[in-house]
There are 2 protein chains.
Amino acid sequence: MGKQITEMLKGTLEGIVLAILAIRPAYGYEITAQLRERGLSDIAEGTIYALLVRLEKRGSVAAEKVPSEKGPPRKVYSLTDAGHDQLDEFWSTWNFLVERIEQLNDRSERGEHR
Amino acid sequence: MGKQITEMLKGTLEGIVLAILAIRPAYGYEITAQLRERGLSDIAEGTIYALLVRLEKRGSVAAEKVPSEKGPPRKVYSLTDAGHDQLDEFWSTWNFLVERIEQLNDRSERGEHR
DNA sequence: ACCAGTACTCAGTAACACTAGATACTGCGG
DNA sequence: CCGCAGTATCTAGTGTTACTGAGTACTGGT
């Protein structure tokens, strides 16, 4: 899949993570694992951590340190109210974009010439 | 719509322009106008020109200078074979991403907890 | 002569994901 | 006991991409 998906994830990965946290709170390592399960296997470890720090600074998520039986303590993140708002906004922007692009797909596939 | 759409366009705008050129050849100013018509009104003029230069360097599009009755000569771009291939790849990557994200939308809307 | 519309170009900036490491804690096999 | 795999997080530096804001150039109308 390569580089194309990387660029496409800019702006959407943040929404993806917010959506995952909306299902239930999770920590970075776990989120990465979930993304891999969901087929987004090319996402780098470090990316998620950087993203979570950004979201926390912005107040979209709150972190709670929870000791782990294996390894260092986990930082479990959950959505704040602001985070839910941001997620709603993400969905509306995403749906908007999908509509416009789907339109283009139809037109070019049918070879339309306005 | 603001900043969110800007980030989301990274990686997709290129595909959008390729798709527009697949319908029929066009020049920069025209492409910008078409994007505005299609509701993508926040896209800056300069962005499209920079993108077209990038695509031309990569060999995805070919330019032909055509004199205009009003204003400087137009650079009319059309897809090369490589451009068509890139567009196909764009669609498959895009569809892949849409599937994964749509999945997430279902789950979080229904409040599922796996 | 001036301005609006057409059409393109360019230097500098910001945001985001990736790379490639480092750090730290647990439990298991040699 | 030591090293290694698995768990878990963090960081500095890099590349790609879109935006900002300015400039150039040509036409037609007032």
Side-chain angles (χ1 to χ4, degrees), chain A residues 1-18 25-36 40-58 60-61 63-77 86 90 93 97, chain B residues 1-18 25-36 40-58 60-61 63-77 86 90 93 97:
Chain A
M1 196 84 24
K3 228 192 314 179
Q4 198 146 47
I5 189 84
T6 290
E7 289 308 321
M8 241 180 243
L9 282 172
K10 290 191 181 176
T12 53
L13 184 54
E14 199 174 289
I16 292 172
V17 169
L18 288 173
Y27 53 97
Y29 193 81
E30 190 188 1
I31 293 173
T32 305
Q34 277 189 43
L35 290 172
R36 292 201 201 291
L40 296 162
S41 47
D42 291 339
I43 291 172
E45 284 262 352
T47 301
I48 299 302
Y49 291 109
L51 198 159
L52 287 169
V53 167
R54 210 164 68 225
L55 288 175
E56 193 182 4
K57 259 185 205 152
R58 204 185 291 155
S60 307
V61 299
E64 193 197 354
K65 240 176 196 156
V66 177
S68 161
E69 325 82 45
K70 26 170 85 178
R74 298 164 172 168
K75 279 179 83 175
V76 175
Y77 292 91
Q86 207 198 321
F90 166 75
T93 307
L97 186 61
Chain B
M1 196 85 24
K3 226 192 317 177
Q4 197 147 48
I5 189 83
T6 290
E7 288 308 321
M8 243 181 240
L9 282 172
K10 293 191 181 175
T12 54
L13 184 54
E14 200 174 290
I16 292 172
V17 169
L18 289 173
Y27 53 97
Y29 194 79
E30 189 187 4
I31 294 173
T32 305
Q34 277 190 42
L35 290 173
R36 292 201 202 291
L40 295 163
S41 47
D42 291 340
I43 291 172
E45 284 262 350
T47 301
I48 299 302
Y49 293 109
L51 197 158
L52 287 168
V53 167
R54 210 164 68 224
L55 288 175
E56 193 182 4
K57 259 185 205 151
R58 204 184 291 156
S60 308
V61 299
E64 192 197 356
K65 242 178 194 154
V66 177
S68 161
E69 325 82 45
K70 27 170 84 177
R74 297 167 172 164
K75 280 179 82 175
V76 176
Y77 293 91
Q86 208 197 320
F90 167 74
T93 306
L97 186 60

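A note on names: the letters A, B, ... follow the listed sequences, proteins ahead of strands, and every chain is numbered from 1.
Applying the side chain to side chain donor-acceptor pair (under 3.5 Å) test to A/E30 and every residue at least two apart in sequence or in another chain returns A/R24. Evaluation of the side chain to side chain donor-acceptor pair (under 3.5 Å) rule for B/Q86 yields B/E14, B/S60 as partners, not counting sequence neighbours. Evaluation of the side chain to side chain donor-acceptor pair (under 3.5 Å) rule for A/Y49 yields no partner, not counting sequence neighbours. Judged as a side chain to side chain donor-acceptor pair (under 3.5 Å), and not counting sequence neighbours, A/R36 has no contacts.
The interatomic distance linking A/L35 (CG) with D/dA8 (C1') rounds to 16 Å, in whole Å. We find that NZ of A/K75 is positioned 19 Å from P of C/dT23, with the value rounded to whole Å. At whole-Å resolution of the value, CD in A/Q4 and C1' in C/dA17 are 15 Å apart. Taking atom CD1 of B/I5 as the reference point, atom C1' of D/dT17 lies 15 Å away to the nearest angstrom. In this structure, B/L51 atom CG and C/dC10 atom P are separated by 15 Å, rounded to whole Å. The interatomic distance linking B/L52 (CG) with C/dC8 (P) rounds to 9 Å, in whole Å. For the pair B/K57 NZ and D/dT17 P, the computed distance is 12 Å after rounding to whole Å. Rounded to a whole Å, the CD atom of A/E30 is 16 Å from the C1' atom of D/dG6.
Within the 4.0 Å cut-off from OP1 or OP2 of C/dC8, not a single side-chain nitrogen or oxygen of B/Y27 is found. The shortest distance between the side-chain N/O atoms of B/Y29 and the OP1/OP2 oxygens of C/dC8 is not below 4.0 Å. Under 4.0 angstrom from either OP1 or OP2 of D/dT16 there lies no side-chain N or O belonging to B/R54. Contact check, A/Y49 against D/dT9: a side-chain N or O comes under 4.0 Å of OP1 or OP2. Here B/K3 does not reach the OP1 or OP2 of D/dA18: none of its side-chain N or O atoms lies under 4.0 Å away.
Both A/T12 and B/K65 sit near DNA chain C, but only B/K65 has its closest nucleotide nearer the 5' end.
Judged by distance alone with a 3.5 Å cut-off, no donor-acceptor contact links the side chain of B/K10 to the base of D/dT16.
Nearest to the side-chain atoms of B/R74 among the listed nucleotides C/dC8, D/dT7, D/dA18 stands C/dC8.
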When the side chains of residues 68-75 of chain A are checked against the rest of the protein, which donor-acceptor pairs come out under 3.5 Å, sequence neighbours left out?
residue, atom, partner, partner atom, Å
A/S68, OG, A/K70, N, 3.1
A/S68, OG, A/K70, O, 2.9
A/R74, NE, A/Y27, OH, 3.3
A/R74, NH2, A/Y27, OH, 3.3

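For the atom pair CZ of B/F90 and CD1 of B/I16, the computed distance is 6.0 Å after rounding to the nearest 0.5 Å.
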For each nucleotide in nucleotides 19-30 of chain D, reading 5' to 3', give B when a protein heavy atom comes within less than 4.0 Å of its base, S when such contact involves only the sugar-phosphate, and - otherwise. BB----BBS---

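The minimum heavy-atom distance between B/L52 and B/V61, with the atom names listed, is O-CG2, 4.2 Å.
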